[in-house]
Amino acid sequence: MPDQIAYELSTRYTPYADGAAVLDLEQIAPKSINAFDRPLASLHLALDPGHVGGIWAEWEWRNFRISKEDHWVREGELVLEVAQRIRTRLTRLGAKVTLLREDCRPINPKTFIDYWPLAAAEEVPSTELSLKAQLGHALAVRNRAIHLAIVRGEIAERARLVNEVIQPDALISLHINAAAWPDGDTEQVVDSDHAHVLIFGCLSEAELALPRQQLRLVEKLSNGSGAVEARLGAALGSALIEATGLPASDYQGRNAIRIDPDVPSLWARNLMLLRLVDCPTVLMEPYITNSHSSYARIQKALSARECHEPLPADDILVEYADVVVAGVLRAYERH
Ligand SMILES: [Zn+2]
């Protein structure tokens, strides 16, 4: 920056005097950046680092490592760093960026105690009076209440916050995908690694029959979010495949559908967050955390952070942030 200022002093501001000798260039930090350098100046984007992480990672079933020497892989923590990196980059490009969480605590003000009656109603009590049976039931109610608080209640609260308070132009929800463990064996990584992005759609007949889901479908059809989701989703989906070189994920069955023949990584699916949020929303699902390739890259990334070493050139979290920045620019850039 001082070089640029010195250049401007000598060619424009003090061309016939030695401005650089008089002024302390290190002290000069230009505040307003040229509008042409801020292509996203009118964009307000919300970022949802998916899940919670920290002490809740185990309850979210998003906490694993292959061997005892490895770093724990916690999706909620990885995507929080990705969100912070995206915010830094997009803010420099002029966008206003709001994160739905800044640490590994739930934003849902309700705790599992608040969900206890609901959990108790869902878990059928044992008719057996033995201590073992009764303790087993109490444990099941507690586990259900925690799940309701940090998964379902948390997603509902995030959607409410976006709809009622933040009201951004769009929301990007950041996740990292994982594959089912082969034969339930957590010691075994899988071969297949792939990536995709999701937008709202693909309601089943049973879902369509529910009045609350019908209302959401009508809202999403009438509020104009659909076309933006398709455009932003296509931009993020194509940036994702180009940058990672991964194949597009494939859904078997009828719970998701491809909507753009040019972007095979873009799928429509009826996920709770995608349904509940009013504004255009895209959910990212790059990488398979428990695949050979991505697991190794995540371990490398976590080691570098733990040892305060320079990040690897192919750092997976930096790559993820780059993908989102590239996709957002592709979708919104005015120049
Ligand atoms: Zn996730």
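Values reported hereafter were calculated over all heavy atoms of this structure, with side chains retained and with hydrogens, waters and symmetry mates removed. Sequence positions, counted from 1, serve as the residue numbers for this chain. Only a predicted model underlies this, so the values are computations on that prediction, with no experimental measurement involved. Both ligands and their constituent atoms are indexed starting at 1 by order of listing.
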| Val189 reachable from Leu302 in the ILVMFWY side-chain graph, under 4.5 Å edges | yes
| request: State yes or no: do Leu203 and Ile257 share one hydrophobic cluster built from I, L, V, M, F, W and Y residues joined by side-chain heavy-atom distances below 4.5 Å, directly or via other members? | output: no
| request: Examine the side chains of Tyr115 and Asn108 and answer whether a donor and an acceptor come within less than 3.5 Å of each other. | output: yes
| field | Atom of Arg330, atom of Glu242 and distance for their closest heavy-atom approach | value | NH2-OE1, 2.9 Å
| Atoms of the protein (N/O/S only) found under 2.8 Å from the Zn ion (ligand 1) | His51 NE2, Glu75 OE2, His175 ND1
| said: Using only atom types and a distance under 3.5 Å, with no angle test, would you say the side chain of Glu285 pairs donor to acceptor with the backbone of Asn177? | reply: yes
| query | Taking Asp278 as the fixed residue, which of Lys220, Gln167, Arg216 is the one that meets the side-chain hydrogen bond (donor to acceptor under 3.5 Å, both in side chains) rule? | reply | Arg216
